[in-house]
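The structure appears right after this line, and notes come after that.
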Amino acid sequence: MELNLNRRQFVAAGTVAAMGAMAGLAGCSSSDSKTDAKTDDKKVEAPEKLVFAWEPGASEGKYENMRDLIAEAMAEGAGVPCEPMTTTDYNVCIEAVSSGKAHYASLGAKEYVELHKKNPAVEVAWVLSDGEGKLNQVSYHSQILVLDENADKYKKGDSYELTQDAMKGKNMSWVELSSTSGYVIPSIALATEFGISDSEELGESGKFFNTVLFGGSHVNSIYNVLTGDADFCACDDTGAANNYNVIEGENGELGALYEIKSGLEAPLDKYAGVKLRCVSSLPVPAVPFVVNTDYVPEDMNKKVVDYMCSDAVSGNKELFKDPSDKDTVTKWKQTTGKVTFTPADDSYYDDFRKLIGEE
């Protein structure tokens, strides 16, 4: 059984819990309260059950089996049951793990960096490895695509460059505000390059861009360029790559040329053969799985991380599916036979912090 919280339910539950805690403190002697207080060496009681909070994208119904399998794996590692918590608001997921209502969570890189700054007890537990099974600072790329017929406008020598003059007043398609590769990284990079003090201006129509669209997914962001509604679209080079063939360069590389595949489902089904050019490419770190160390003791967390990073998990074809498997719904693909979860710590995001100005 899954927990499901929206923002109103979370706030209400938090208020009740706070009132109960205050009443309990009023009825306890000072000696009693010491038994619950954390000591300076951060002694943490092992929970009888773990809760894992999923961000809204992974909370969709189609990912239920994936969530259940992750909960089963975590329970195997921890030695206690684990319950998935789905959320409909990113802030609820963040607040859940920050408050200890959830012990673990999946967050975006930006959300983790900002949360860790406010609550250092929330730390990285593990991330997805590269194709060799190693921890890599570059997990994938954020790219900006244009129709190839328009790409010469952004050409500089043998490469491509997006300038302020070339982009200002045009129409832009982002994925969504919380998307690391589809908004956060490219908007901050462009704002820095163009001397715009507030990157949020790039997410509003009538400011830097004439019209700003949010596709809600990487596929729909691409669709907005294909229809002509947008001059540029932001997307990743992983999930988005399922929809195009690379005919020049390397996937995710500046200057790469793509062609929309045939036989796709709507909304791209009518655009087979249309060519897109990558005119901007930026590195993106892996998405973090985080733990609140105020609520999970170190030895238990180690057992969880060790198991989550084991062959038992990466070898599960319902979690790390074969790229040719069109039926299994999960976030991860076993592209090389070596892809796995791998341990990481907070320093993994130091370069990303510099990029988004959160040092």
Inset, instruction - Can you spot which of Val296, Val122, Val124 makes a side-chain contact (heavy atoms from CB on, under 4.5 Å) with Val291? - result: Val296
Inset, instruction - Specify whether Phe208 and Phe194 have parallel, tilted or perpendicular ring planes, treating 30° as the upper limit for parallel and 60° as the lower limit for perpendicular. - result: parallel
Inset, instruction - Give a yes or no on whether a salt bridge exists between Arg353 and Asp350, defined as a side-chain N under 4.0 angstrom from a carboxylate O. - result: yes
Inset, instruction - Salt-bridge test for Lys302 and Asp306: reply yes if a basic N is under 4.0 Å from a carboxylate O, no otherwise. - result: yes
Inset, instruction - Would you check, one step at a time, whether the test side chain to side chain contact (heavy atoms under 4.5 Å, CB included) holds for Thr342 with Trp126? - result: CA-CA 5 Å; Thr342 186; Trp126 69 87; over 6 Å; no
Legend entry - Within-4.5 Å side-chain heavy-atom neighbours: Leu162 and Ile144: yes
Legend entry - Interatomic distance, Glu259 atom CD to Ile247 atom CD1 [nearest 0.5 angstrom]: 5.0 Å
Inset, instruction - Answer whether the closest heavy-atom distance between the side chains of Tyr183 and Glu176 falls below 4.5 Å. - result: no
Inset, instruction - Find out whether Glu248 and Arg277 are in side-chain contact, i.e. whether some heavy atom of one side chain is under 4.5 Å from a heavy atom of the other. - result: yes
Inset, instruction - Check the surroundings of atom CD in Glu298: do more than 12 heavy atoms from other residues, nucleotides or ligands lie under 6.0 Å from it? - result: no
Legend entry - Cluster overlap Val97 with Val304, hydrophobic side-chain contacts below 4.5 Å: no
Inset, instruction - Consider only side-chain heavy atoms of I, L, V, M, F, W and Y, link residues closer than 4.5 Å, and tell whether Tyr90 and Val284 are in one cluster. - result: yes
Inset, instruction - Please examine the side chains of Thr328 and Leu319, heavy atoms only from C-beta on, and report whether any two atoms are closer than 4.5 Å. - result: no
Inset, instruction - Could you tell me whether Lys275 and Glu149 have a side-chain N and a carboxylate O separated by less than 4.0 Å? - result: no
Inset, instruction - Compute the ring centroids of Tyr112 and Phe289, then answer whether they are less than 6.0 Å apart. - result: no
Inset, instruction - State whether the number of non-hydrogen atoms from other residues, nucleotides or ligands found under 6.0 Å of Glu250 atom CD is greater than 12. - result: no
Inset, instruction - Using a 4.5 Å cut-off on heavy atoms from C-beta on, say whether the side chain of Leu276 contacts that of Ile260. - result: yes
Inset, instruction - Salt-bridge test for Arg67 and Glu64: reply yes if a basic N is under 4.0 Å from a carboxylate O, no otherwise. - result: no
Legend entry - Side-chain donor-acceptor pair present, Thr163, Asp165, cut-off under 3.5 Å: no
Legend entry - Within the 6.0 Å centroid threshold, strictly below: Trp332 and Phe341: yes
Inset, instruction - Would you indicate whether the side-chain heavy atoms of Leu268 and Val219 approach each other to under 4.5 Å? - result: yes
Inset, instruction - Spell out, yes or no, whether Met66 and Leu50 are grouped together once hydrophobic residues are joined by side-chain heavy atoms under 4.5 Å, including indirect joins. - result: yes
Inset, instruction - Apply side chain to side chain donor-acceptor pair (under 3.5 Å) to Gln334 and Asp322, showing your working. - result: CA-CA 5 Å; Gln334 188 52 269; Asp322 187 282; over 6 Å; no
Inset, instruction - Name the orientation class of the two ring planes belonging to Phe352 and Tyr349 (parallel below 30°, tilted from 30 to 60°, perpendicular beyond 60°). - result: perpendicular
Inset, instruction - Measure the spacing between CG of Leu254 and CG of Leu282 and express it to the nearest 0.5 Å. - result: 9.5 Å
Legend entry - Donor-acceptor pair between His103 and Asn292 side chains, under 3.5 angstrom: no
Legend entry - Side chain proximity check, Asn243 to Tyr223, heavy atoms < 4.5 angstrom: no
Legend entry - From CG (Asp269) to OG (Ser262), nearest 0.5 Å: 11.5 Å
Inset, instruction - Kindly compute the distance separating CE (Met74) from OH (Tyr307), expressed to the nearest 0.5 Å. - result: 12.5 Å
Inset, instruction - Give a yes-or-no answer on whether the side chains of Tyr104 and Asn301 include a donor-acceptor pair shorter than 3.5 Å. - result: yes
Legend entry - Distance in Å, Leu107 CG paired with Glu55 CD, rounded so as to fall on 0.5 Å steps: 8.0 Å
Legend entry - Side-chain ion pair, Lys156 and Glu161, N-O less than 4.0 Å: yes
Inset, instruction - Specify the closest pair of heavy atoms between Trp174 and Pro186, including all atoms of both residues, with the distance to one decimal. - result: CZ3-CG, 3.7 Å
Inset, instruction - Check each of Thr340, Asn136, Thr336 against Asp130 using the side-chain hydrogen bond (donor to acceptor under 3.5 Å, both in side chains) test, and report the only one that passes. - result: Asn136
Inset, instruction - Please determine, by modelled atom types, if Asn242 and Lys333 share a side-chain donor-acceptor pair under 3.5 angstrom. - result: yes
Inset, instruction - Evaluate the side-chain proximity of Val225 to Asp231: yes if any heavy-atom separation is below 4.5 Å, no if none is. - result: no
Legend entry - Heavy atoms from other residues, nucleotides or ligands near CG of Asp311 exceed 12 (cutoff 6.0 Å): no
Inset, instruction - Would you please say whether a donor-acceptor pair under 3.5 Å links the side chains of Ser173 and Asn224? - result: yes
Inset, instruction - Using a strict cut-off of less than 4.0 Å between a Lys/Arg side-chain nitrogen and an Asp/Glu carboxylate oxygen, indicate whether Lys118 and Glu114 qualify as a salt bridge. - result: no
Legend entry - Common cluster, Val290/Ile94, ILVMFWY with side-chain heavy-atom separation under 4.5 Å: yes
Inset, instruction - Classify the ring geometry between Tyr244 and Tyr258 as parallel (under 30°), tilted (30 to 60°) or perpendicular (over 60°). - result: parallel
